Number of protein chains: 2
Amino acid sequence: MTERAKIGFQDVRDVVLERIQNRVWSQGDLLPTEQELAEEFGCARATVNRALRELADRGIIDRKRKSGTRVAVSPVKQAKLEIVLTRQLVEDRNANYRYALVERKEETAPGWLASQLDLPMGAKVLHLRAMHYADNQPFQYEDRWINIAAVPKVVDADFTTVGPNEWLLGEVPFSNAELTFAAVPADDELSDYLACAKATPLFQMERTTWFRSQPVTFVRMSFHPGYQMRSQY
Amino acid sequence: MTERAKIGFQDVRDVVLERIQNRVWSQGDLLPTEQELAEEFGCARATVNRALRELADRGIIDRKRKSGTRVAVSPVKQAKLEIVLTRQLVEDRNANYRYALVERKEETAPGWLASQLDLPMGAKVLHLRAMHYADNQPFQYEDRWINIAAVPKVVDADFTTVGPNEWLLGEVPFSNAELTFAAVPADDELSDYLACAKATPLFQMERTTWFRSQPVTFVRMSFHPGYQMRSQY
DNA sequence: TAGTGGTCTAGACCACTCT
DNA sequence: GAGTGGTCTAGACCACTAC
């Protein structure tokens with residue numbers, strides 16, 4: 001029997017990728033059409049289509065109607081960054097997680113926040129400050145503002161036992177966000193809460209969250225000295 | 001005419017997502033089967049399948065054979081991080097890009113590097129140090145080691161005009177990598193090259209790259225003070 | 001206008017896994 | 001064993017775009 005097991009889209013995808021890596025098709029080269037590849041692999045065009053679609057999603061190839069499929073000239077590397085709860089970050093390190101609310105205050109959005117979240121003048125926000133500990137060592141300082149108009153129920157949440165992130169995940173689970181990452185020097189307050197010298201470099205992540213184009217929350221998370229964020233592609 | 005335009009997988013995907021956001025189906029709830037949804041939307045099961053597959057890829061729903069499809073309980077947020085060339089980072093800011101090689105030296109891999117890259121004892125590496133400028137302001141300091149065994153041609157590249165990142169992208173375009181991000185204090189050398197005070201917090205990205213399980217390069221990129229990395233989901 | 005990818009269909013069989 | 005998603009097929013029509 002010269003019969004092979006049936007060709008699946010993963011087989012096609014892997015063979016095409018291998019040929020690209022082996023320079024059978026170099027950067028900028030035109031690949032055969034879906035029809036031709038389908039004939040070569042002895043499968044349906046839909047199978048080839050799915051294989052190539054996955055490679056296109058990964059940025060390996062560029063596809064255009066009429067022009068055909070080309071090997072990407074400068075492949076865009078996309079790293080996937082998993083954004084997880086602080087609790088999970090801590091527990092993944094086999095450390096004991098502890099959360100503590102530092103301050104809870106309803107206030108009028110200051111100008112910079114109204115601008116950041118695109119809030120109307122005088123919008124009410126809930127300002128929360130909290131600490132996250134790993135084995136009772138400072139892990140992260142959280143400074144957060146929540147748009148009360150977007151999540152009215154927030155005024156009834158007390159946040160003494162459940163952190164705002166986990167609470168919001170239950171209320172507004174499927175939101176969009178913009179993230180920024182930076183290195184900042186510890187100010188008086190951060191050095192105090194994170195138990196480090198003033199001006200110590202800290203890794204800081206800011207996140208602005210929307211739900212259906214409505215601003216929900218802005219949070220600034222400052223990690224303990226030495227924290228590393230990891231990712232891969 | 002009560003006829004609607006034909007239902008596409010994007011329509012199905014968007015309607016299902018909307019229902020999840022509206023809590024028509026709450027976290028942990030079982031969705032109708034593909035067959036039932038196909039009947040509701042008046043389309044083929046394959047169309048529903050593709051719609052749900054996309055939502056599953058995004059982490060919005062969990063799918064299991066026999067059990068069915070459920071709304072994800074704790075949706076994993078995956079931010080996409082575009083890793084681009086330093087040149088592009090600079091030019092995206094409408095700044096003039098300039099590259100300068102600082103040092104180029106063939107050497108035996110030091111212990112920490114051999115460990116990091118999983119190199120054999122005594123492996124030869126090319127050590128490069130370089131600067132990237134935006135409008136002649138220091139933008140990024142690059143400290144890089146390349147595994148000569150993985151890319152023998154590297155010994156013939158001079159790197160005085162083309163940066164190692166761009167050169168490697170041409171030689172080993174489709175590689176895998178692990179990234180770490182951290183905030184570090186500027187040491188004597190960094191403060192010198194980046195024109196900042198010693199101990200200034202700097203955003204630092206380290207990347208280890210493999211091609212077909214073979215280690216290719218390790219690079220440490222230190223950005224100018226105040227640099228922010230952005231992402232979204 | 002013609003070529004190429006994008007998508008849909010209706011049906012089929014398979015693979016996993018819950019009961 | 002049976003229900004559900006995973007995938008493939010063969011064909012069809014559509015949408016974009018280079019020519």
Side-chain angles (χ1 to χ4, degrees), chain A residues 1-17 19-20 25-73 75-76, chain B residues 1-17 19-20 25-73 75-76:
Chain A
M1 306 227 292
T2 57
E3 286 280 331
R4 302 257 175 218
K6 187 157 46 178
I7 298 295
F9 78 94
Q10 304 184 27
D11 303 312
V12 177
R13 179 197 51 191
D14 293 345
V15 170
V16 170
L17 179 57
R19 288 187 189 166
I20 290 173
W25 298 312
S26 296
Q27 291 171 77
D29 282 3
L30 200 57
L31 269 60
T33 65
E34 294 188 345
Q35 189 55 249
E36 290 167 342
L37 286 171
E39 283 164 15
E40 177 192 341
F41 287 107
C43 65
R45 183 168 78 94
T47 304
V48 174
N49 180 276
R50 177 158 178 196
L52 295 186
R53 183 150 38 81
E54 285 207 0
L55 293 176
D57 286 344
R58 287 198 224 166
I60 307 287
I61 57 179
D62 289 325
R63 319 196 72 197
K64 271 190 199 170
R65 287 164 152 126
K66 169 72 178 177
S67 342
T69 301
R70 290 177 184 279
V71 180
V73 179
V76 176
Chain B
M1 303 228 295
T2 56
E3 284 281 329
R4 303 257 175 218
K6 189 155 48 178
I7 297 296
F9 78 92
Q10 304 185 26
D11 303 311
V12 177
R13 188 229 302 144
D14 293 344
V15 170
V16 170
L17 179 57
R19 288 186 188 168
I20 290 174
W25 298 312
S26 296
Q27 291 172 75
D29 283 2
L30 199 57
L31 268 60
T33 65
E34 293 188 347
Q35 189 55 246
E36 289 166 341
L37 286 171
E39 285 164 13
E40 177 192 341
F41 288 105
C43 64
R45 183 167 79 92
T47 304
V48 173
N49 180 276
R50 178 158 177 198
L52 296 186
R53 184 151 38 81
E54 285 206 0
L55 293 176
D57 286 344
R58 287 199 224 165
I60 307 286
I61 57 179
D62 288 325
R63 321 195 70 196
K64 270 190 198 168
R65 288 164 152 123
K66 169 70 179 178
S67 331
T69 301
R70 292 179 183 278
V71 180
V73 179
V76 176

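To find a chain, count down the sequence lines: A is the first, B the second, and so on, and within it residues start at 1. On a predicted model such as this, the values are computed, not experimentally measured, just so you know.
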Trainee: Between A:Asp11 (CG) and D:dT7 (P), how many Å, whole number?
Mentor: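 In whole Å, D:dT7 P lies 12 Å from A:Asp11 CG.
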
Trainee: Nearest whole Å is fine: how far is C:dT9 P from B:Glu34 CD?
Mentor: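 Taking atom P of C:dT9 as the reference, CD of B:Glu34 is at 13 Å.
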
Trainee: So, is A:Thr69 close to the C:dG5 phosphate, meaning a side-chain N or O under 4.0 Å from OP1 or OP2?
Mentor: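 Indeed, a polar side-chain atom of A:Thr69 lies that close.
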
Trainee: Measure from CD on B:Glu39 to C1' on C:dC8 and round the result to the nearest Å.
Mentor: 17 Å

Trainee: State the CZ-CZ distance between B:Arg50 and A:Arg53, to the nearest 0.5 angstrom.
Mentor: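 Reported value, rounded in 0.5 Å steps: 3.5 Å.
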
Trainee: Could you report the tightest heavy-atom contact between A:Val12 and A:Cys43, atom names first, then the distance?
Mentor: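 Here A:Val12 and A:Cys43 meet closest at CG2-SG, 4.3 Å.
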
Trainee: Within this structure, what is the CD1-to-C1' distance between A:Ile61 and C:dT4, rounded to whole angstrom?
Mentor: 13 Å

Trainee: Nearest-Å distance, CZ (B:Arg53) to C1' (D:dC8)?
Mentor: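 Taking CZ of B:Arg53 and C1' of D:dC8, I get 12 Å after rounding.
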
Trainee: Does A:Gln10 reach a base, just sugar-phosphate, or nothing at all? Heavy atoms under 4.0 Å.
Mentor: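 Touches sugar-phosphate only.
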
Trainee: Which atom pairs link the protein and nucleotides 1-3 of chain D when you take only N or O atoms and keep those under 3.5 Å?
Mentor:
residue, atom, partner, partner atom, Å
D:dG3, O4', B:Lys66, NZ, 3.3

Trainee: Counting only side-chain nitrogens and oxygens, does A:Gln35 get under 4.0 Å of the OP1 or OP2 atom of C:dG5?
Mentor: no

Trainee: Is there a donor-acceptor pair under 3.5 Å between the side chain of B:Ser26 and the backbone N or O of B:Asp29?
Mentor: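 Not confirmed, B:Ser26 side chain does not pair with B:Asp29 backbone.
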
Trainee: Kindly give the heavy-atom pair with the smallest separation between B:Gln27 and B:Ala72, and that separation in Å.
Mentor: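 Closest heavy-atom pair between B:Gln27 and B:Ala72: CG-O, 3.7 Å.
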
Trainee: Tell me the interatomic distance from A:Phe9, atom CZ, to C:dG5, atom C1', rounded to whole angstroms.
Mentor: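 The answer, rounded to whole Å, is 18 Å.
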
Trainee: Ignoring hydrogens, what is the shortest heavy-atom contact between B:Leu37 and B:Trp25? Give both atom names and the distance.
Mentor: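 Nearest heavy atoms, B:Leu37 then B:Trp25: CD2-CH2, 4.3 Å.
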
Trainee: Please work out which residues in residues 41-50 of chain B have a non-hydrogen atom less than 4.0 Å from an atom of DNA chain D and list them by number.
Mentor: B:Arg45, B:Asn49

Trainee: Can you check whether A:Val15 reaches A:Phe41 side chain to side chain, under 4.5 Å on heavy atoms?
Mentor: yes

Trainee: Can you confirm whether A:Arg58 sits close enough to A:Leu17 that some side-chain heavy atom of one is under 4.5 Å from a side-chain heavy atom of the other?
Mentor: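 A side-chain contact under 4.5 Å exists here.
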
Trainee: I'd like to check B:Leu31 versus B:Val16 (side-chain heavy atoms, cut-off strictly below 4.5 Å). Are they in contact?
Mentor: yes

Trainee: Rounded off to whole Å, could you give me the CZ-to-C1' distance for the A:Arg70 and C:dT4 pair?
Mentor: 12 Å

Trainee: Send over the distance from B:Leu30 CG to C:dT17 C1', rounded to a whole Å.
Mentor: 14 Å

Trainee: Closest-nucleotide mapping onto DNA chain D: is A:Lys64 or A:Gly8 further toward the 5' terminus? I mean the 5' end.
Mentor: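 Its nearest nucleotide being more 5', the pick is A:Gly8.
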
Trainee: Identify every side-chain donor-acceptor pair in residues 60-70 of chain A under 3.5 Å, counting partners at least two apart or on other chains, and give the distances.
Mentor:
residue, atom, partner, partner atom, Å
A:Arg63, NE, A:Thr69, OG1, 3.2
A:Arg63, NH1, A:Glu34, OE2, 3.2
A:Arg63, NH2, A:Glu34, OE2, 2.7
A:Arg63, NH2, A:Thr69, OG1, 3.4
A:Ser67, OG, A:Arg65, O, 3.4
A:Arg70, NH1, A:Gly28, O, 3.0

